[in-house]
Structure formats: structure tokens, C-alpha cells
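Counting from 1, the numbers follow the sequence of the chain as shown.
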Amino acid sequence: MKKDDILISKFIGNTPLRYCDALSTRYHTNIFIKEEFHNPGMSAKDRPALFMIKDAIAKKKIKPGGFFVEASSGNTGLGISLIAKKLGYRAKIFVSQSCSEEKIELLLKAGAEIEICENSNGLHDFNSTQFRAQSFAATHPNTYFTNQYYNTQNIRAHYKTTAPEIWEQTAGTITHFIAGVGTGGTISGVGRFLKEQRSGIKVWGIEPNGSILSHFLRYRTLPTNTVSFDSIEGIGRNFVPGSFDAAAIDHIFQVNCQETRHMAMEYYTQTGIMTGFSSAAVIASLDSYVSKMCFKLTDKVVLFFPDHGSRYISKLYKGSAHQSIASSNITSS
Ligand SMILES: Cc1ncc(COP(=O)(O)O)c(C=O)c1O
């Protein structure tokens, strides 16, 4: 491994797992939070970005100076941009119109070229981030489409790093893992690993109302009437990504966008911690479904927080951003 490669690998992952007093008290169980905003790109998506890039370089799919191309709600794009730059490559990121201002700014600062697309509806829609990214890579030399929706390295990154970390950090006592679902990479990789250790561990996904993955998980078909789903950045799909492994997931709960916004603000007021949008959706799911979830006092529930609220000040926290982000990082909850 080259020096830069070792440096990057060293700083990605190994994120803390924090016991959350406020949520444990509220839901009468033990709630831990896997805080992924400690990654260099401040999100969980640094992990698959690193695995996909290393895999492409090892297989000689791209030469130095070439473009890594990705369709991203911002976080994977940022991970790819930072790692590509460090290793002597460039990044071309296709984001959808719903991408937050903060993420676009960060992508530009990381040196990425950006194209803003109408939607992220998958490879069959000409105006989607995925279609545009794939066609760009197909028509330009020395480019590589990392393709997080179908790249096996996405699940592998979480299977090899996130899940073993959680297993060790809970000394194998975890009883529930709850995470938002977008590409499916996180929940599939973590769920697969955890169920191999103990099949009874509950692996639950969260998606916005109107997304189709909970229907697919239950019936293995697509719903006949698809509706547009609530916009919560990073989660929810109207197609089934290849990185979604139904065998690793027990159930997917749906949450409402308004309740998620409300929960983000309530959690911030109570704890001083600004959660990301999809992290707030995970907390909102507890409020909506806690009686169905039937937690015991002895359970060890791990909530997955993929990024930080500083990415969503304009969308979630406008008007309350006077409290510093730094202080939110040191406040215990
Ligand atoms: C903020 C955020 N939350 C959740 C997810 C979903 O994670 P996954 O794609 O691993 O399902 C993403 C994915 O980009 C994300 O950026």
C-alpha cells in the first residue's frame, strides 16, 4: 500500500458508539448511537467511497488523473471527491435538485465537478443522477462510474468495517440495529454481519412515506401504485437498488417528513446535538412505532447516524443555527 493510501484508510471508520441518556430514558431501554460524522468527509459514505475507489484502482479500471463518477445525494460524492483528490484522481458528481446547499458547497470545495439533475429515480430515467452519471462515464475516456447502487464494494465496506466495529463496541450484546435505507449498502452489510454472529438480532430499516422498499421487503414485488415519496436526503427509493439485500433485513418502517423535522428540532433542543436529516428519521421512527418495537429494559439498541446536522442548517435548523456546531459535538446526552 502507498503512503497516502495508508493515511486515508487509517482515518476512515473506527467511529465512536455513544450511549444516549436522553433517548434511553425516553424509550425505557439502552440506546447507543453510532456517530459516523467523525469520518473525514463527515459521513458514513467515506467507507464505501474508499472501498469502491481502492477496488477500481487495484483492478486497473482507471489511470491517475482520471475521473471517478458517482450519482450521490452528496455524502458519497464528498467521500469520493476527497479520496480521489488525495490519490491523484478527479471527481465528477451528479447530484439531484434536493441536495442541500451545504453539501454542494462542500463538494465544490473538495474540488469536485458537479452536475445537478432532476431526480435520483434510477437508471431507467434519462434525467436521473444515475443515468446521467453512467452515460458520462460511458462516453468519456479514463473515467470510472463507482455506481454505489450496484457496486458490491458498498455492502462489503459496511460488512468489513462498520459491523465489526459495532459488534466489538457492544461486546457482542447488541439486540437491535436501526438505520435509514438509501442504496441499502449500510443496512445490508451491517445486517448480514450481525445475523451471522447471532440470527436473533433485529435489523430494521427506515424510509420516508411513499418509498417502495418496505413494500418490496414484505411482498418481493413493486407496489402497483407508486407515489412520490417524502424528501429526506439520503433515504427512500422508487426502485430496488442492487445494494439492497432483503435477506439481511427484518422490517422497514416508514416515517413522515414533517415528524422527522420536528424530531430533529426537539432532539437539538433537548441535547444540543444537531442530527442529520436521515438520523432524525431514525429517531422519529422510535416515536411512531415504539409500541410495535417492544424494547426490553435490557436491550441494546444501536441507532445509525450517517452524518451531521451541520449539513442541513438551511433545511432543518434555520433560525436556530446561532448555537455553535462545535458545542453540539461536545455536549453529552
Ligand atoms: C445522509 C444519509 N443517510 C442515509 C443514507 C443511506 O445509506 P445507504 O445508502 O447505505 O442505504 C445515505 C446514503 O447516501 C445518506 O447520505
Side-chain angles (χ1 to χ4, degrees), residues 34 36 44-45 47-48 51-52 71-73 75-76 120-125 128 130 146-164 166-167 174-230 232-255 278-279 281-282 284-286 288-289 292-294 301-304 306:
K34 183 70 170 160
E36 288 292 297
K45 305 301 285 203
R47 298 174 189 260
F51 271 61
M52 294 189 295
S72 164
S73 66
N75 284 335
T76 312
S120 53
N121 286 347
L123 288 168
H124 298 295
D125 185 325
S128 76
Q130 294 91 349
T146 40
N147 201 1
Q148 57 173 329
Y149 288 89
Y150 296 94
N151 190 327
T152 51
Q153 297 298 322
N154 183 358
I155 292 185
R156 191 165 168 264
H158 292 290
Y159 180 87
K160 287 281 183 190
T161 70
T162 323
I166 294 172
W167 184 251
I174 177 174
T175 55
H176 299 73
F177 177 73
I178 313 182
V181 189
T183 66
T186 307
I187 197 157
S188 304
V190 174
R192 195 181 283 176
F193 180 94
L194 292 179
K195 285 189 176 289
E196 282 170 9
Q197 314 311 308
R198 194 165 10 95
S199 59
I201 296 173
K202 299 272 183 266
V203 176
W204 291 336
I206 307 302
E207 68 173 4
N209 282 340
S211 174
I212 58 117
L213 297 173
S214 54
H215 180 103
F216 177 79
L217 185 66
R218 200 156 168 201
Y219 304 107
R220 297 298 197 269
T221 59
L222 297 180
T224 38
N225 290 328
T226 47
V227 290
S228 66
F229 57 86
D230 285 358
I232 300 178
E233 259 178 67
I235 61 173
R237 288 293 166 258
N238 62 5
F239 65 98
V240 184
S243 305
F244 180 84
D245 178 5
I249 309 163
D250 294 301
H251 190 76
I252 294 181
F253 295 95
Q254 294 202 325
V255 292
S278 66
S279 313
V282 169
S285 76
L286 298 181
S288 306
Y289 298 106
K292 278 195 182 167
M293 289 173 169
C294 296
V301 180
V302 173
L303 310 184
F304 192 73

Verify side chain to side chain contact (heavy atoms under 4.5 Å, CB included) between Ile187 and Ile178, making sure each step is shown before the conclusion.
CA-CA 8 Å; Ile187 197 157; Ile178 313 182; over 6 Å; no
Testing the 3.5 Å rule here: is there a donor-acceptor pair between the side chains of [X] and [Y]?
X	Y	answer
Thr161	Arg47	yes
Glu196	Tyr159	yes
Ser214	Glu207	yes

Does Gln148 offer a backbone N or O that forms a donor-acceptor pair with the side chain of Thr183 under 3.5 Å?
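Pair absent, no side-chain N/O of Thr183 close to backbone of Gln148.
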Run the side chain to side chain donor-acceptor pair (under 3.5 Å) test on Ser128 and Asn121 for me, step by step, so that the C-alpha distance in whole Å, both residues' side-chain angles and the decisive distance to 0.1 Å come before the verdict.
CA-CA 6 Å; Ser128 76; Asn121 286 347; over 6 Å; no
Under 6.0 Å between ring centres, would you say that holds for Phe253 and Trp204?
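When the ring centroids of Phe253 and Trp204 are compared, they turn out to be within the sub-6.0 Å range.
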Within the 6.0 Å centroid threshold, strictly below: Phe239 and Tyr149
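Judged by ring-centre distance (under 6.0 Å), Phe239 and Tyr149 do meet the cut-off.
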Within a 6.0 Å radius of atom NZ on Lys195, are there more than 12 heavy atoms belonging to other residues, nucleotides or ligands?
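More than 12 heavy atoms, drawn from other residues, nucleotides or ligands, come within 6.0 Å of this atom.
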Does atom CZ (Arg218) have a neighbourhood of more than 12 heavy atoms from anything else shown, all under 6.0 Å?
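Open: at most 12 neighbouring heavy atoms sit under 6.0 Å from CZ of Arg218.
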Minimum heavy-atom distance Ser188-Ser243, with the two atoms named:
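So the two residues come closest at OG-O, 3.1 Å.
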Closest non-hydrogen atom pair, Gly236 against Phe229
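Taking Gly236 first and Phe229 second, the nearest heavy atoms are O-CZ, 3.4 Å.
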How far apart are the C-alpha atoms of Leu213 and Phe244, what are their side-chain angles, what is the distance that settles it, and do they pass the side chain to side chain contact (heavy atoms under 4.5 Å, CB included) test?
CA-CA 9 Å; Leu213 297 173; Phe244 180 84; 4.1 Å; yes
Quickly, which of Val190, Ile201, Thr162 forms a side-chain contact (heavy atoms from CB on, under 4.5 Å) with Trp167? Name it, please.
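One option only clears the test, and that one is Ile201.
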Should Thr221 and His215 be marked as a side chain to side chain contact (heavy atoms under 4.5 Å, CB included) after you check the CA-CA gap, both sets of side-chain angles, and the distance that decides it?
CA-CA 7 Å; Thr221 59; His215 180 103; 3.3 Å; yes
